[in-house]
Novice: 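Attaching a single structure in structure tokens format; questions to follow.
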2 protein chains.
Amino acid sequence: MSLSCATCPVRDRAACAVLSEEERDELARVGRTRKLSRGETLFSAGESEAACATLKSGALKITSTDIDGRERILSLVHPSGFIGEMFGPYMRHDVVALGDAELCVFSGPNFAEAVNRFPRLGQALLRRTQEDLYASRELLALTGNASAEQRVAGALLSLARAASDSPCHPATSFELPLSRGELADMLGITIETVSRMLTRFEKDGAIKRTGKRGIDLVDPALLPLS
Amino acid sequence: MSLSCATCPVRDRAACAVLSEEERDELARVGRTRKLSRGETLFSAGESEAACATLKSGALKITSTDIDGRERILSLVHPSGFIGEMFGPYMRHDVVALGDAELCVFSGPNFAEAVNRFPRLGQALLRRTQEDLYASRELLALTGNASAEQRVAGALLSLARAASDSPCHPATSFELPLSRGELADMLGITIETVSRMLTRFEKDGAIKRTGKRGIDLVDPALLPLS
DNA sequence: CGGACCCTTGATTCAGATCAACGAATGTGG
DNA sequence: CCACATTCGTTGATCTGAATCAAGGGTCCG
């Protein structure tokens, strides 16, 4: 299926938003749409076909698996996010859908050529990659020294921010895109500890759990941040 | 002091290596050399003057400090590495010299303009930033699930790789660029634990400590990796 | 010589992992 | 439609790896 940028929900936020109409059309010609449902894999670590993609809707996780088979979530991808490998010869990490998702997919070489031809696209990606780097370092800082309590609190706020349309203020009521197990894998703690911390926050009156995945931030100030 | 690229030790490895002679000269005109000694700060988080730099010699650490004053090392910078903020309005993290270091420093806007003018420079930075992102995620994976033993072992191998001239094979004998305390801050453990693990590895015959900072990798296969 | 670091080692404590059990929701096949 | 299995989350009891507390030695420097 080829791309239809006209109706794209991230038309003016994604990396390709910096392109002119004609440039975008040209890029669209080498891209394909792809739909994933929960748990489906977009890329696998080690794949020798370089590829990249822009996320149009849904959410993804970028993970690595250590020798003992334990999974670690390295990053989450939200709509308009860019993932993948343009230059390297192989994919570095696994990328899996957290829920139903829709993407534009490109081959690495095709996209690299577009970057060559449209310098503004390269610059947009540079900014975006720097943001990803900062996000990665933020997670590193969060999981480095903080207690389990602080990690879960930090993750809740971070997810509330991501769930909000307005970029600065967090949503007060939202659905977790992650299961308890995934939250645990992201924070480097166990499922049981995540569950206990959520129970504690609810007891303290900081949050309210609604259903399995729903969270209401009743009083974020009560969350114990680092 | 203005730049003298002719004698630059990272002349053909740094980001600016992709530029032609004339382009490089032009960039050199807006850059300054700076020397730091151990502990000196290059950038401070929150500084509103965007700036960036290429490291010519020595080593740097990129750190953040949490509310309780605990420092977390987010990344190490080795010669030819690029650091800083070209676009954003302020510096995101602290950058401090681990030992004597020499750099080329640029103002954010000046460098951003160079990126605008020389698209290859932007592409080189994009690659480099992606590498930094992968390095950050590697550290995230290392500090996420692994035991203290595995973290220290992983850090030793990583530093051995960085100390080697050949990019793939680790050095068998090298000096740690970090104190025990800094190693601990990077790995999210305590000084005492780092010390104990090094003692353990030496007892096991995996390494030999020479002086305070020297490490011989006697039998890396004995190191307990994740 | 005295002070300031930095590293090592030992004793004790504690946060979170592990082990275990259970309930709710969802799916499957008879 | 019901019996059954499976997955996911919660909660409790126990155990352990690493933090914390404490002490001492080595080295550099004024």
Side-chain angles (χ1 to χ4, degrees), chain A residues 37-39 61 66 68-73 98-99 142-156 175-204 207-215 224 226, chain B residues 37-39 61 66 68-73 96 98-100 142-156 175-204 207-215 224 226:
Chain A
S37 42
R38 165 153 189 98
K61 60 178 175 183
D66 62 26
D68 340 326
R70 221 149 134 45
E71 173 176 299
R72 179 79 219 242
I73 294 185
L98 288 170
L142 180 67
T143 58
N145 296 317
S147 67
E149 199 179 38
Q150 293 170 327
R151 293 184 201 199
V152 177
L156 283 184
E175 290 282 309
L176 294 174
L178 301 156
S179 72
R180 298 291 187 269
E182 286 163 339
L183 216 33
D185 286 338
M186 184 166 94
L187 298 175
I189 56 182
T190 59
I191 293 184
E192 292 95 324
T193 302
V194 172
S195 186
R196 280 185 243 273
M197 294 307 146
L198 290 178
T199 306
R200 184 182 299 177
F201 296 156
E202 191 166 33
K203 255 181 202 135
D204 294 348
I207 66 168
K208 177 111 180 47
R209 282 180 288 190
T210 60
K212 264 191 166 35
R213 298 282 190 90
I215 296 286
S226 56
Chain B
S37 43
R38 164 153 188 97
K61 60 179 175 182
D66 61 25
D68 339 325
R70 220 149 137 45
E71 174 176 298
R72 180 78 217 248
I73 295 185
V96 175
L98 287 171
D100 293 351
L142 181 66
T143 58
N145 295 317
S147 66
E149 199 180 38
Q150 293 170 327
R151 293 184 201 199
V152 177
L156 283 183
E175 290 282 308
L176 294 173
L178 300 158
S179 72
R180 299 289 187 272
E182 286 164 337
L183 216 33
D185 287 337
M186 185 167 92
L187 298 174
I189 58 182
T190 59
I191 293 184
E192 294 94 324
T193 302
V194 172
S195 185
R196 280 184 244 273
M197 294 307 146
L198 291 178
T199 305
R200 183 182 298 177
F201 296 157
E202 192 166 34
K203 257 184 201 134
D204 294 349
I207 66 168
K208 177 113 182 46
R209 281 180 288 191
T210 61
K212 265 190 164 34
R213 298 283 189 90
I215 296 285
S226 55

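Proteins come first, then strands; the chains are lettered A, B, ... in the order of their sequence lines, and each starts at number 1.
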Novice: When you list every nucleotide of DNA chain D with an atom under 4.0 Å from a heavy atom of chain A, which one comes first 5' to 3', and which comes last?
Specialist: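 The contact span of chain A on DNA chain D goes from D:dG9 to D:dA13.
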Novice: For the side chain of A:R200 and the backbone of A:S195, is there at least one donor-acceptor N/O pair under 3.5 Å apart?
Specialist: no
Novice: When all nucleic acid strands are considered with a 4.0 Å heavy-atom cut-off, which category describes B:R151: base, sugar-phosphate, or nothing?
Specialist: nothing
Novice: Which residue, B:T143, B:L187, B:D66, B:D185, forms the side chain to side chain contact (heavy atoms under 4.5 Å, CB included) with B:R72?
Specialist: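 For B:R72, the side chain to side chain contact (heavy atoms under 4.5 Å, CB included) test succeeds with only one of B:T143, B:L187, B:D66, B:D185, which is B:T143.
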Novice: If the threshold is 4.0 Å, N to carboxylate O, is there a salt bridge linking B:K61 and B:E71?
Specialist: yes
Novice: Under 4.0 Å between a side-chain nitrogen and a carboxylate oxygen: does that hold for B:R209 and B:E202?
Specialist: yes
Novice: Strictly below 4.0 Å, N to O, side chains only: are A:R38 and A:E182 in salt-bridge contact?
Specialist: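 Yes, charged N to carboxylate O under 4.0 Å.
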Novice: On DNA chain C, compare the nucleotides closest to B:K203 and B:R38; which residue's is nearer the 5' end?
Specialist: B:R38
Novice: Give A:R200 one of three labels, base, sugar-phosphate or nothing, depending on what nucleic acid heavy atoms sit under 4.0 Å from its own.
Specialist: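 Here A:R200 touches no strand at all.
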Novice: Measuring from B:L183:CG to B:L178:CG, what's the distance to the nearest 0.5 Å?
Specialist: 5.5 Å
Novice: Going by heavy atoms closer than 4.0 Å, what residues in residues 188-197 of chain A are next to DNA chain C?
Specialist: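 The answer is A:G188, A:I189, A:T190, A:E192, A:T193, A:R196.
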Novice: Please report the distance, rounded to the nearest Å, between CG in B:L183 and P in C:dC7.
Specialist: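 Between P of C:dC7 and CG of B:L183: 9 Å.
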Novice: Judged by atom type as modelled, is there a donor-acceptor pair below 3.5 Å linking the side chain of A:R180 to the main-chain atoms of A:K212?
Specialist: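 Between the backbone of A:K212 and the side chain of A:R180 there is a qualifying donor-acceptor contact (under 3.5 Å).
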Novice: Could you tell me whether A:R196 and A:E149 make a salt bridge, using a distance below 4.0 angstrom between a side-chain N and a carboxylate O?
Specialist: no
Novice: Please check the phosphate of C:dT8 (OP1 and OP2 only) for any side-chain N or O of B:R209 closer than 4.0 Å.
Specialist: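 It does, given that an N or O in the side chain of B:R209 lies less than 4.0 Å from OP1 or OP2 of C:dT8.
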Novice: For the pair made of NZ in A:K212 and P in C:dA24, what is the distance, rounded to whole Å?
Specialist: 10 Å
